[in-house]
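Note that the coordinates shown come from a computational prediction; the quantities given were computed from them, not determined experimentally.
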Amino acid sequence: MKQYNLGIEATLEIIGGKWKSLIICLLMSGTKRTSELQRSIHGISQKVLIQQLRELERDGLVKRFVYQQMPPKVEYSLTEYGVTANKIVDVMCSWGKDNIKIRQERGEEIVLLEDKSPEL
């Protein structure tokens, strides 16, 4: 029997770590192929991405759809249960933006790339 001292332990077991929350965040906007996810997550190897996706699939947050074609095409999306993690990820994103602002105000040279708009 698995036991937790705090509920957050169960949450971190499922979406903790460096990549899982990012994957969930990217899948919030809809179905993605493995290559799309890898291009969007700088620094993740294909091996680690697939491992993380499989863990999220095993835990019921992500579903995988394999097209029977050559070359093989695989797409990932959030399950109904996975969509419930959006609330957590949204709070994490908001907190992260606030954290970056505070660090900038303290003089740290840090930038949030999603806030940079392309120059025309």
Side-chain angles (χ1 to χ4, degrees):
M1 174 191 306
K2 188 167 247 182
Q3 294 182 334
Y4 300 102
N5 291 311
L6 299 169
I8 194 169
E9 291 175 285
T11 302
L12 291 173
E13 182 176 19
I14 303 299
I15 66 165
K18 188 173 183 177
W19 308 114
K20 288 182 181 177
S21 296
L22 288 171
I23 293 168
I24 292 168
C25 184
L26 290 168
L27 290 176
M28 280 188 210
S29 62
T31 301
K32 302 272 189 285
R33 294 183 66 182
T34 310
S35 58
E36 291 177 279
L37 290 168
Q38 190 170 4
R39 279 192 302 272
S40 299
I41 304 173
H42 302 285
I44 193 170
S45 69
Q46 185 177 18
K47 177 184 174 187
V48 171
L49 174 60
I50 290 169
Q51 176 187 15
Q52 298 292 284
L53 285 163
R54 286 187 179 150
E55 289 176 14
L56 288 166
E57 184 181 11
R58 179 198 66 212
D59 292 329
L61 277 76
V62 167
K63 61 184 166 190
R64 181 173 156 251
F65 187 80
V66 180
Y67 293 88
Q68 298 302 314
Q69 65 181 47
M70 280 306 205
K73 178 180 173 184
V74 180
E75 292 183 334
Y76 294 91
S77 59
L78 292 176
T79 62
E80 189 175 321
Y81 177 54
V83 171
T84 66
N86 289 352
K87 292 183 263 182
I88 297 166
V89 174
D90 282 343
V91 170
M92 290 171 67
C93 289
S94 179
W95 189 89
K97 288 177 182 179
D98 292 344
N99 175 270
I100 289 170
K101 186 176 178 182
I102 289 167
R103 291 164 64 187
Q104 288 170 333
E105 290 169 356
R106 292 180 181 165
E108 188 173 341
E109 291 186 28
I110 187 170
V111 70
L112 179 61
L113 295 177
E114 72 179 348
D115 286 345
K116 286 191 160 259
S117 56
E119 294 181 32
L120 302 175

Peer 1: With sequence neighbours left out, what residues match K2 under side chain to side chain donor-acceptor pair (under 3.5 Å)?
Peer 2: E13
Peer 1: Within the distance-only criterion (no hydrogens, no angle test), does the side chain of Q52 pair as donor or acceptor with the backbone N or O of L49 below 3.5 angstrom?
Peer 2: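 No.
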Peer 1: Under the rule for side chain to side chain donor-acceptor pair (under 3.5 Å), what residues qualify as partners of S29, not counting sequence neighbours?
Peer 2: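 Partners of S29 by the side chain to side chain donor-acceptor pair (under 3.5 Å) criterion, ordered by chain and then number, come out as K32.
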Peer 1: Sequence neighbours excluded, which residues qualify as side chain to side chain donor-acceptor pair (under 3.5 Å) partners of D90?
Peer 2: none
Peer 1: Taking L12 as the starting point, is it possible to reach I14 by hopping between hydrophobic residues whose side chains are less than 4.5 Å apart?
Peer 2: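 No, I14 does not connect to L12 through the hydrophobic network.
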Peer 1: Scan for salt bridge (charged side-chain N to carboxylate O under 4.0 Å, His left out) pairs involving residues 57-79, sequence neighbours excluded, and state none if there are none.
Peer 2: K73-E75
Peer 1: In residues 18-28, what donor-acceptor pairs under 3.5 Å come from side-chain atoms, sequence neighbours left out?
Peer 2:
from: K20; atom 1: NZ; to: E55; atom 2: OE1; distance (Å): 2.7
from: S21; atom 1: OG; to: I15; atom 2: O; distance (Å): 3.1

Peer 1: Going from CD1 on I41 to CG on L37, what distance comes out if it is rounded to the nearest 0.5 angstrom?
Peer 2: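 That separation rounds to 5.5 Å.
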Peer 1: Hey, quick one: are V66 and L61 part of the same hydrophobic cluster, counting side-chain heavy atoms closer than 4.5 Å, chains of contacts allowed?
Peer 2: yes
Peer 1: Applying salt bridge (Lys or Arg N to Asp or Glu O under 4.0 Å), can you list everything that pairs with R103, at least two apart in sequence or on another chain?
Peer 2: E108
Peer 1: Answer whether the closest heavy-atom distance between the side chains of I102 and R106 falls below 4.5 Å.
Peer 2: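 A side-chain contact under 4.5 Å exists here.
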Peer 1: Between V62 and V74, is there a shared hydrophobic cluster once you connect ILVMFWY residues whose side-chain heavy atoms come closer than 4.5 Å?
Peer 2: yes
Peer 1: Quick check for you: to the nearest 0.5 Å, what is the distance between Q51 atom CD and L56 atom CG?
Peer 2: 10.5 Å
Peer 1: Among the clusters formed by ILVMFWY side chains lying less than 4.5 Å apart, do I44 and M92 turn up in the same one?
Peer 2: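 Yes, because I44 and M92 connect within a single hydrophobic cluster, where side-chain heavy atoms sit under 4.5 Å apart.
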Peer 1: Report whether Y76 and Y81 are members of the same hydrophobic cluster (ILVMFWY, side-chain heavy atoms less than 4.5 Å apart, transitive linking).
Peer 2: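 In one cluster: yes.
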Peer 1: Under 4.5 Å between any side-chain heavy atoms of M70 and P72, yes or no?
Peer 2: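 When only atoms from C-beta onward are counted, P72 and M70 do touch, with a gap below 4.5 Å.
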